[in-house]
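Below, chains carry the letters A, B, ... as their sequence lines are ordered, and counting in each starts from 1.
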2 protein chains.
Amino acid sequence: MDDGLNELFSALSDPTRRAILGRLAYGKATVAELAKPFKLSQPAISKHLKVLEEAGLIRSGREANSRPRELEPDAFKKISDWIADYRRFWDQNFDRLDDYLSTVQGNENDKSGD
Amino acid sequence: MDDGLNELFSALSDPTRRAILGRLAYGKATVAELAKPFKLSQPAISKHLKVLEEAGLIRSGREANSRPRELEPDAFKKISDWIADYRRFWDQNFDRLDDYLSTVQGNENDKSGD
DNA sequence: CGAGAATATAGCCATATAGGTATATAGCTA
DNA sequence: TAGCTATATACCTATATGGCTATATTCTCG
């Protein structure tokens, strides 16, 4: 019933963690790279990464000596889905948007590129 | 720089508070009405409401003896905007969607209903 | 005005969280 | 294997948070 929203929102409530996600939006990064912009200790960053990973927002890889992190899209989608339930409150175009989404999803190969 | 995202996400990290927002999506409600579904004490609910209000997710009105709460759409939009920056990570249709949005916004009366 | 209803505030407790330093672990590389 | 690098874990401290009970505040109404 909860789908981890507690952990998700809680993880996002910290600015350091959001900044880390912002950095990861540009691509995979090691702990050291992620720690660089902050005045925090390395263990503090590791702790934040653990919180993010347990919330499902990132995942760890293994590359030689390091454990690079990258974003885990599903978690973002989960949040987006939650917020979408409130969309009608602020988005005047929401109804038509909804129509459009049904359209593209039911017509996947209509790739109107070029 | 922060725009209250800390408080926003923090407020949303509690299931009681999310449930309250869910109830308010159906319309304005008094504290007593909001408290009804929970086993929590009335002060506990009042505290949750205070957190929600300070985060900007709801606002209080005044009606006779009661202080009905209602949703504050801007806060939801703020979150939606934040998450939108990550949309390309999970939404394959995002680019086309983006196109569509520019289109409707620049062409309000183009109602392409079938 | 006085009583009662609706809600807020105060004060207390238990647990969670963020940060730090010290130390442990894992994988290269000489 | 020894030593170096990268990262994680343990443990401690301070503060924040959620819940409770008791009490205060604010209206409405007779």
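Ring-plane geometry between B/W82 and B/F9 is classed as perpendicular, the angle between the planes exceeding 60 degrees on a 0 to 90 degree scale with a lower cut at 30.
Closest to the side chain of A/H48, out of C/dA18, D/dT28, D/dT21, is C/dA18. Among D/dT9, D/dC20, C/dG27, the nucleotide with an atom closest to any side-chain atom of A/R62 is C/dG27. Side-chain atoms of B/T16 lie closest to D/dG19 of the nucleotides C/dC28, D/dG19, D/dC20. In the set D/dC20, D/dT7, D/dT28, D/dT28 carries the atom at the smallest distance from any side-chain atom of B/A64.
A side-chain donor-acceptor contact under 3.5 Å links B/R69 and B/S60.
Scanning atom types as modelled, one donor and one acceptor separated by under 3.5 angstrom connect the side chain of B/Q42 and the base of C/dA8. With hydrogens and angles left out, the side chain of B/N65 and the base of D/dT28 share no donor-acceptor pair within 3.5 Å.
Atom CG of B/L40 and atom P of D/dT17 are 17 Å apart (whole Å). Summarising the geometry, the separation between CD1 on A/I45 and P on C/dG19 is reported as 8 Å, rounded to the nearest angstrom. Whole-Å rounding puts the B/R69 CZ to C/dA6 P distance at 14 Å. Rounded to an integer number of Å, the gap from CD1 of B/I58 to C1' of C/dA8 is 14 Å. Atom pair B/E63:CD and C/dA5:C1' shows a separation of 16 Å (rounding to whole Å applied). Rounded to a whole Å, the CD1 atom of A/I20 is 13 Å from the P atom of D/dT7. C/dA16 atom P lies 21 Å from atom CZ of A/F9, rounded to whole Å. One interatomic measurement links the two molecules: CG of A/L34 to P of D/dA8, which rounds to 10 Å at whole-angstrom precision.
Nearest-nucleotide mapping onto DNA chain C: of A/D14 and B/K47, the residue sitting toward the 5' end is B/K47. Judged by closest nucleotide on DNA chain C, B/L49 is the one of B/L49 and A/R67 placed further toward the 5' end.
Taking only side-chain nitrogens and oxygens, B/S41 comes nearer than 4.0 Å to OP1 or OP2 of D/dC20. Dashed line: the shortest gap from a side-chain N or O of B/R17 to OP1 or OP2 of D/dG18 is under 4.0 Å.
Hydrophobic clustering places B/L8 together with A/I83 (ILVMFWY residues linked when any side-chain heavy atoms are closer than 4.5 Å, directly or through intermediates).
Counting heavy atoms from C-beta on, the side chains of A/I20 and A/T16 come closer than 4.5 Å.
The pair B/E70-B/R59 counts as a salt bridge, with a side-chain nitrogen and a carboxylate oxygen less than 4.0 angstrom apart.
Across all strands shown, B/K50 has heavy atoms under 4.0 Å from sugar-phosphate atoms exclusively, and none from any base. Backbone-only contact: B/S66 has heavy atoms under 4.0 Å from sugar-phosphate atoms and none from a base.
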